[in-house]
Number of protein chains: 2
Amino acid sequence: MSVQSSHGHTHAKGPQSLRLTKGAKKVLEVLERTEELSSAQDIHVALRSEEESPPGLTTVYRSLESLVQFGLVQAVDFGDGERRYEMVKPGEHHHHLVCEKCRDSVHLDQCLVQQLEESIQAKYKFEVRGHILEIFGLCENCQNAMAATGKK
Amino acid sequence: MSVQSSHGHTHAKGPQSLRLTKGAKKVLEVLERTEELSSAQDIHVALRSEEESPPGLTTVYRSLESLVQFGLVQAVDFGDGERRYEMVKPGEHHHHLVCEKCRDSVHLDQCLVQQLEESIQAKYKFEVRGHILEIFGLCENCQNAMAATGKK
DNA sequence: TGGCAAATGAAAACCGTTTTCACTACTGAA
DNA sequence: TTCAGTAGTGAAAACGGTTTTCATTTGCCA
Ligand SMILES: [Mn+2]
Ligand SMILES: [Mn+2]
Ligand SMILES: [Zn+2]
Ligand SMILES: [Zn+2]
């Protein structure tokens, strides 16, 4: 990994070089060890409880913005008003199966949309640049739990 | 169409019967003749400019909520903070190709996700109940316009 | 070490949406 | 027809995540 501190070093890849600021570094640390998706506020809370002098919420937002732009982090939209973030393999992205009951999510290994880009291009003459895709439902556990107790 | 006034009539289909209120009727009228997606505020503005005594914004929101629940209207999420709405064939839904330049959108005729539900079920034991999917990029016109003038 | 641009954070602004609550219009029973 | 209970409505306030503002701090560099 060639991401470095703000002391002059920049990441080699990406559309534009990233200067990893102090705040962004801490944000990334939180995401690095977090399995689930985290909102900006989640991250802020986490930092507050473990850093002697935690970055402010504003800095968390700014850090996320640059990390996303840089391709190290992806923003995920569940359609509730709160964006969530998670680390991704640099430049990659993926989607989720989100359980509406327990809120746990399965990280899908392949993107359904990417493999359709050419056909969309061909059929609609539309140049695909991005997309959002998240699938909601019930995970196996919650299906069973539901079957055990009352329905619905 | 069996949707009727609130004077005792209800829609035959749908998970629950809808009593179409005065406000909801006006909202539906706007959506009926609108090709593009409309936000709640768009609808409110439209009504203000044409109704003698237009429903308040609150009523527009409430109407949309029941129309969506009823399956006559779908809510579309572009990931900017503003939900948009459009009429759909009762109980159906679809997704879009949204041009980032001119904001025009192509209404897709088939849902990529629905046809994958069984395989998701099988592979992940996940019961799909809903999803969001929107594709962003450049429509043919804007691609050409861009090619003509400077890039990007 | 002084100068400057970048980074930071507290507070305020933003903005779509939801809630509250008082009022009005309707419905259905008497 | 009356009237009371119920559903609908809307103005205003609250909400909540995010962005902006702007004054202050940090730290790189000459
Ligand atoms: Mn993920
Ligand atoms: Mn559409
Ligand atoms: Zn994808
Ligand atoms: Zn679909």
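All values below were derived from every heavy atom in this structure, side-chain atoms included, with hydrogens, water molecules and symmetry-related copies excluded. Residue numbers start from 1 in every chain, and the chains themselves are labelled A, B, ... in the order their sequence lines are given, proteins ahead of strands.
Counting heavy-atom neighbours within 6.0 Å of A:Glu35 CD, excluding the residue itself, gives a total of 12 or less.
Residues B:Tyr85 and B:Ala75 come closest through the heavy atom pair CE2-CB, 3.7 Å. Across B:Val113 and A:Leu133, no two heavy atoms sit closer than the pair CG2-CD1, 3.8 Å.
Taking every side-chain heavy atom of B:Thr21 into account, D:dG8 is the closest of C:dG16, C:dC26, D:dG8.
Remark: C1' of C:dT17 and CZ of B:Arg84 are 14 Å apart, rounded to the nearest angstrom. Remark: C1' of D:dG8 and CG of B:Leu20 are 13 Å apart, rounded to the nearest angstrom. Atom pair A:Glu82:CD and D:dC15:C1' shows a separation of 13 Å (rounding to whole Å applied). For the pair B:Leu47 CG and D:dG10 P, the interatomic distance rounds to 10 Å; values are reported in whole Å. Here D:dT18 presents its C1' atom at 15 Å from CG of A:Asp42, a figure rounded to the nearest Å. Atoms NZ (B:Lys25) and P (D:dT9) sit 10 Å apart, rounded to a whole Å. Rounded to whole Å, the distance from CZ on A:Arg83 to C1' on D:dG17 is 9 Å. The CZ atom of B:Arg48 sits 8 Å away from the P atom of D:dA11 (whole-angstrom rounding).
Contacts between residues 52-65 of chain A and DNA chain C, counted as heavy-atom distances below 4.0 Å, involve A:Pro54, A:Pro55, A:Gly56, A:Thr58, A:Thr59, A:Arg62.
Residue A:Gln41 has no polar side-chain atom (N or O) positioned under 4.0 Å from OP1 or OP2 of D:dG16. Residue B:Lys22 has a polar side-chain atom (N or O) positioned under 4.0 Å from OP1 or OP2 of C:dC26.
Ring pair B:His95/A:His131: centre-to-centre distance not below 6.0 Å.
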Let me have the donor-acceptor pairs involving side chains of residues 137-148 of chain B, under 3.5 Å, with sequence neighbours excluded, atom names and distances please.
unit_1	atom_1	unit_2	atom_2	d
B:Gln143	NE2	A:Lys125	O	2.8
B:Gln143	NE2	B:Leu138	O	2.9
B:Asn144	ND2	B:Glu140	O	3.4

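With salt bridges taken as basic N to acidic carboxylate O contacts below 4.0 Å, none links B:Arg83 and B:Glu65. Residues A:Arg84 and A:Glu86 are not paired through a salt bridge, judged by the lack of any N-O separation under 4.0 Å between the basic side chain and the carboxylate.
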